[in-house]
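First up is the structure itself, then whatever we jot down about it.
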Amino acid sequence: MIDEIMNAIARKLYSLFGDGYEIYKNSIEQDLQEPCFLISLVSADKKPMMGTGSFRILPFDILFFPSRGETQCHEVTEILMDELEYIDVKGDVMAGTKMRSEIVDDTLHFFVNYDFTIFRKKEETFMEMLETTNGIKE
């Protein structure tokens, strides 16, 4: 699911910024061409729920390396705040939460969580009938 979410983020970035911006996932290749994005998963957390469900918390850091300095980072932040609120993951809409950004060393870090609940199919178990004989031993 993590790769599917990363792919959905990449598709959304491509639809917003087009061919002029390279989009990398997980790591940057050598000779990075600015402007570009790097999508990385910060961590993954799983919280159990009652029954067979669990809640997954997936915070992402979308780094933006500008070609025109901090002003371009501000412009991109505005776009990402509005447009990454919802992404399409294999036909399902996921909502982005906890959005925030910061600029460190002329690089924009845009943080967004895509959290979801998973329900596992409960394994069916059947009881067998046992026959017993009762008797009094003399």
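Model, not experiment: these values are computed from the prediction. We're numbering straight along the sequence, starting at 1.
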**Study point:** CD1 on Ile5 to CG on Leu41, rounded to 0.5 Å
**Key:** 8.5 Å
Practice item. Nearest 0.5 Å please: distance from the CZ atom of Arg11 over to the CD1 atom of Ile23. Key: 11.0 Å
Review point. Does Val112 share a hydrophobic cluster with Met81, counting links as ILVMFWY side-chain heavy atoms below 4.5 Å and allowing steps through other members?
Key: yes
**Study point:** Interatomic spacing from CG in Asp115 to CZ in Arg56 - rounded to 0.5 Å
**Key:** 11.5 Å
Check your understanding: About how many Å separate OH of Tyr114 and CE of Met6, when rounded to the nearest 0.5 Å?
Key -> 12.0 Å
Practice item. State, with a plain yes or no, whether a side-chain heavy atom of Ile79 is found less than 4.5 Å away from one of Phe110. Key: no
Give the table of side-chain donor-acceptor pairs shorter than 3.5 Å for residues 92-106, with sequence neighbours excluded, one pair per line with atom names and distance.
unit_1	atom_1	unit_2	atom_2	d
Arg100	NH1	Glu102	OE1	3.0

Point to revise | Tyr86, OH atom: more than 12 neighbouring heavy atoms under 6.0 Å | key: no
Review point. What heavy-atom pair brings Ser40 and Leu63 nearest, and what distance separates the two atoms?
Key: OG-CD1, 4.1 Å
Could you give the side-chain donor-acceptor pairs of residues 43-51 under 3.5 Å, partners two or more places apart or in another chain?
none

Review point. When clusters are formed by joining ILVMFWY residues with side-chain heavy atoms under 4.5 Å apart, either directly or through shared neighbours, do Leu58 and Val42 land in the same one?
Key: no
Review point. Got a sec, which residues hit side-chain contact (heavy atoms from CB on, under 4.5 Å) with Glu4, two or more places apart in sequence or on another chain?
Key: Met1, Val89, Lys90
Check your understanding: Would a 4.5 Å heavy-atom cut-off, applied to side chains only, mark Leu13 and Tyr21 as touching?
Key -> no
**Study point:** All side-chain contact (heavy atoms from CB on, under 4.5 Å) counterparts of Pro66, not counting sequence neighbours
**Key:** Phe64, Gln72, Cys73
Check your understanding: Residues two or more places apart in sequence or in another chain: which of them pass side-chain contact (heavy atoms from CB on, under 4.5 Å) with Leu32?
Key -> Tyr24, Ile28, Glu34, Cys36, Phe65
Exercise for review: Start with the C-alpha gap between Ile9 and Phe37, add the side-chain angles, then the distance that decides, and say whether side-chain contact (heavy atoms from CB on, under 4.5 Å) holds.
Suggested key: CA-CA 11 Å; Ile9 295 169; Phe37 291 95; over 6 Å; no
Review point. Pairs in or reaching into residues 61-79: which pass salt bridge (Lys or Arg N to Asp or Glu O under 4.0 Å), with residues at least two apart or in two chains?
Key: Arg68-Glu75
Exercise for review: Have a look at Ile62 and tell me which of Leu38, Leu108, Leu84 forms a side-chain contact (heavy atoms from CB on, under 4.5 Å) with it.
Suggested key: Leu84
